[in-house]
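Chain naming here is simple, since letters A, B, ... match the order of the sequence lines and numbering starts at 1 in each. Worth saying up front: this structure is predicted, and the values here are computed from it rather than measured.
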Number of protein chains: 2
Amino acid sequence: MKSSITPQYKARAKIIKAMAHPSRLFIIEELSKKERCVGDLTEMIGADASTVSKHLSVLKNAGLLADEKRGNSIFYSLRVPCIMQFIGCLEDVLFSNAKQHNEILKCCKR
Amino acid sequence: MKSSITPQYKARAKIIKAMAHPSRLFIIEELSKKERCVGDLTEMIGADASTVSKHLSVLKNAGLLADEKRGNSIFYSLRVPCIMQFIGCLEDVLFSNAKQHNEILKCCKR
DNA sequence: TGGCTATTTGGCTATATTACCAAATAAGAC
DNA sequence: GTCTTATTTGGTAATATAGCCAAATAGCCA
């Protein structure tokens with residue numbers, strides 16, 4: 001790849017990589033509904049708080065989340081709502097994959 | 001995370017993970033313009049052909065690409081055009097990150 | 001101040017990913 | 001058939017990621 005255009009793709013990949021984990025996708029979806037503090041998410045996810053904290057920092061580092069300290073807690077929120085449209089596209093992919101898989105199965109069962 | 005809902009997030013993460021690499025993003029974008037064979041992409045990317053082949057198989061495995069053998073070559077194409085909308089959203093994120101960064105800089109220079 | 005609660009950081013191990021090379025495979029061309 | 005081209009597979013080393021525990025930090029509350 002021409003090195004002159006690499007940085008752009010690296011920057012995009014960094015954001016996508018930040019999303020590329022089941023727990024982080026869960027967090028994104030949850031935060032698209034309403035803001036949450038680390039404790040909330042930790043309980044929902046059921047992992048160690050330090051693990052969830054690290055997931056949050058990955059997302060924040062990619063520019064996807066905003067955080068705000070209030071009282072004793074830090075509330076995270078989704079900074080980029082357009083991300084959620086993409087989840088819809090993922091579901092299309094999954095559906096289309098399943099359909100294709102079915103067709104193959106049908107064909108093999110003949 | 002409730003184990004009952006985990007599979008859905010894992011399935012989504014698999015697709016996103018497949019996209020989460022600079023060369024693979026480049027491939028996706030290139031294939032959104034027109035189908036290409038491995039050799040074309042290898043030349044454009046400038047990596048070993050085996051490396052590019054593996055990238056293609058990751059994307060294909062996730063259900064993002066279709067392939068068709070014609071003559072001596074295998075032509076890959078993008079199976080899921082809605083992916084490209086997402087790239088636009090990524091650019092929004094990057095822009096918004098840059099803006100935020102500028103604001104911080106401005107604030108620090110005061 | 002001292003004790004809580006919420007969150008982050010550091011250390012560590014296990015696992016996954018990347019990219020290269022060399023070798024295998026597949027299918028045309030002759 | 002043999003040669004050639006296109007692509008994939010296997011092996012390997014370097015690097016990155018994930019998750020837990022223990023410890024550090026930050027700020028509220030008596």
Could you check whether B/Y76 gets within reach of a base, just the sugar-phosphate, or nothing at all, counting any heavy atom under 4.0 Å?
-> sugar-phosphate

Distance, rounded to the nearest Å, where B/I27 contributes CD1 and D/dT7 contributes C1' = 14 Å

Tell me: CG of A/L65 to C1' of C/dT7, nearest whole Å?
-> 15 Å

Going by heavy atoms in the side chains, are B/F86 and A/I16 under 4.5 Å from each other?
-> yes

Taking C-beta and beyond as the side chain, do A/R79 and B/N97 meet within less than 4.5 Å on heavy atoms?
-> yes

Rounded to whole Å, the CG-P distance (B/L56 to C/dA19) equals 12 Å

Per-nucleotide protein contact along nucleotides 17-30 of chain D, 5' to 3', at a 4.0 Å heavy-atom cut-off (B base, S sugar-phosphate only, - neither), is SSSBBB----S---

What's the CG-P distance between A/D67 and C/dA6, to the nearest Å?
-> 17 Å

Report the distance from atom CD of A/E43 to atom P of C/dT5, rounded to the nearest whole Å.
-> 15 Å

pair_partner(D/dG1), Watson-Crick or wobble, both distances < 3.5 Å, evaluates to C/dC30

Distance in angstrom units between B/N61 CG and C/dT17 C1', rounded = 15 Å

Any idea which heavy atoms bring A/A13 and B/A20 closest together, and the distance?
-> CB-C, 4.4 Å

Roughly how many Å is it from CZ in B/R36 to C1' in D/dA6, rounded to a whole number?
-> 16 Å

Below 4.5 Å, heavy atoms only, C-beta onward: do B/L78 and B/M84 meet side chain to side chain?
-> yes

Side-chain touch A/R12/A/Y9, heavy atoms, less than 4.5 angstrom = yes

Remember a base hit wins even if backbone is also touched, and classify B/S73 as base, sugar-phosphate or nothing at under 4.0 Å, heavy atoms.
-> sugar-phosphate

Residue pair A/C89 / B/I83, side-chain heavy-atom distance below 4.5 Å | yes

